[in-house]
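One is the number of the first residue; the rest follow in order along the sequence. Remember, it's 1-based here, ligands and their atoms both numbered in the order they're listed.
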Amino acid sequence: MKLYTKISIGLVAGAVVGVGVNLAGWEPGIRLIQSMEILGTAFIRAITMIVIPLVVASLIVGVASLGDLRELGRIGGKTVAYYLCTTAVAVSIGVVLSNLIQPGGRIPEESKTALLEAYGGEAQGRIELAQEAPGLGNLFLSLISDNPIQSAAEGDMLPLIIFTILFAAAASVLAEEKKRVLIGFFDAVNHTSMVIINWIMAVAPYAVFALIAAVTARFGFDVLRSLLVYAATVVAGLLLHAFGTYALVVKFLARFRLGEFYRRIREAQILAFSTSSSNATLPVTIKVAENELGASTRVAGFVLPLGATVNMDGTALYQGVAVMFIAQVFGIDLHWTTQLTVVLTATLASVGAAGVPSAGIITLALVLRQANVPETGIALILGVDRILDMLRTAVNVTGDLSATVFIARTEGELEARVEGQLAEEAAG
Ligand code: ASP
């Protein structure tokens, strides 16, 4: 049985068990499931453990094996431009859908008060965290690490990535024999990390079972009922982006067969969904890009670590809907120019968000502030955040993988695969 099938069984079984004990209100069952969550958390810690060595090694191999610095500039420029454009499209989908559906217009007054009361305290915690985060204006400074080891220790990915790219770019201009030693070493680190990932992934089906059972056992279905239209708007937007925008890119720009693309990336998607973390999923995303999609380490090793940190289309889309929803509930009419600022700030905020669970809700506070919508409105949507976080993370990872096939294609890779497909299509 393929690993993906086993993980899917773990997911479905976890959901059935979790929802079952939840609806039955069976306390001992809920407690048992919660104590099992430790298995899921251990799994997430284990794959996260390998993220820093893997990111550093794959970036160094990827960047140092580029021919020269101009090549780095070209791939880097393309990747960042692609990421920003697709993210702006994602937020726009969220904002347009919210204008059409008006999810905030359908919340009864008593639900609004109840939600604000129930989640007000928790929301305040997130708002305070956002105040500690560097504002959008300081994003630039936060890109430069004054101590890369500390950035690595704190899991501060973006400055670490920028330092590593700089280091690898410098290595690429060294004399051939020195460069070969460095690339050889990090290539070995890269492969060793992949072996560890394969070992850890062997327990993924059980871990996914535990994670999903724990989330669904605690899930507040009552809250979902009052936020149904809001949640449905986010989900509709995410589906549209995942199967609309990316499908266009994959089919027309990367000329990769659609069905095959979506089938081959399922393992990364399901893991992103179960862990709610692009960072924790990154090792598997890289494995999928190289082994399943046929991208080189040169492209995947550069595009994916960067993507897991800066490219969060699902998060940005959700922020677009959330800002509109909160404004609508509070009866604030957002002028179209303000909505345009939301597109811009949500795009930047998703760059600043870390690829960890719930990061998007913290940077949402920044977007709300920029649009002059009360940040306390976060309390309205916290109740369904976990489940939406799972979905948006799966979209974030899908976005990174669609970028990989696009960039790989423009770099003349995937030729064999694409030609194979065309031959098969002609034959079939
Ligand atoms: N959990 C998301 C991720 O890791 C970030 C977020 O939207 O909260 O990609």
- prompt: Is the number of heavy atoms from other residues, nucleotides or ligands under 6.0 Å of Y206 OH greater than 12?
  reply: no

Atoms of ligand 1 close to G360 [distance to a heavy atom under 4.0 angstrom, numbered from 1]: 6 (C), 7 (O), 8 (O)

task: Output the distance between atom NE2 (H335) and atom OG1 (T341), rounded to the nearest 0.5 Å.
output: 10.5 Å

- request: State the atoms of ligand 1, each with its element, that fall below the 4.0 Å cut-off from a heavy-atom position in G355.
  value: 3 (C), 4 (O)

Over all atoms of both residues, closest heavy-atom pair of A379 and A123: N-CB, 3.6 Å

task: Under 4.0 Å from a heavy atom of T393: give me the atoms of ligand 1 that qualify, with their elements.
output: 1 (N), 2 (C), 3 (C), 4 (O), 9 (O)

task: Select one of side chain, backbone, both or neither to describe which atoms of S278 lie under 4.0 Å from any atom of ligand 1, heavy atoms only.
output: both

- request: Have a look at ligand 1 and work out which part of V356, if any, has a heavy atom under 4.0 Å from it: side chain, backbone, both or neither.
  value: backbone

query: Under the salt bridge (Lys or Arg N to Asp or Glu O under 4.0 Å) rule, what pairs show up with a residue in residues 356-370, not counting sequence neighbours?
result: R369-E375

field: For S277, atoms of ligand 1 separated by under 4.0 Å from a heavy atom
entry: 4 (O)

message: In this structure, is the centre-to-centre distance between the rings of Y262 and Y246 below 6.0 Å?
response: no

message: Please check this pair: side chain of S277 against backbone of G355, looking for a donor-acceptor N/O pair closer than 3.5 Å.
response: yes

- line: In ligand 1, the atoms that come under 4.0 Å of a heavy atom of T315 are 5 (C), 6 (C), 7 (O)

message: I need the atoms of ligand 1 closer than 4.0 Å to a non-hydrogen atom of S358, numbered in the order shown.
response: 8 (O)

field: Atoms in ligand 1 with a heavy atom of N396 nearer than 4.0 Å
entry: 2 (C), 3 (C), 9 (O)

field: Geometric class of the F219/F221 ring pair [parallel <30°, tilted 30-60°, perpendicular >60°]
entry: perpendicular

Residue-ligand contact A359/ligand 1, heavy atom below 4.0 Å: yes

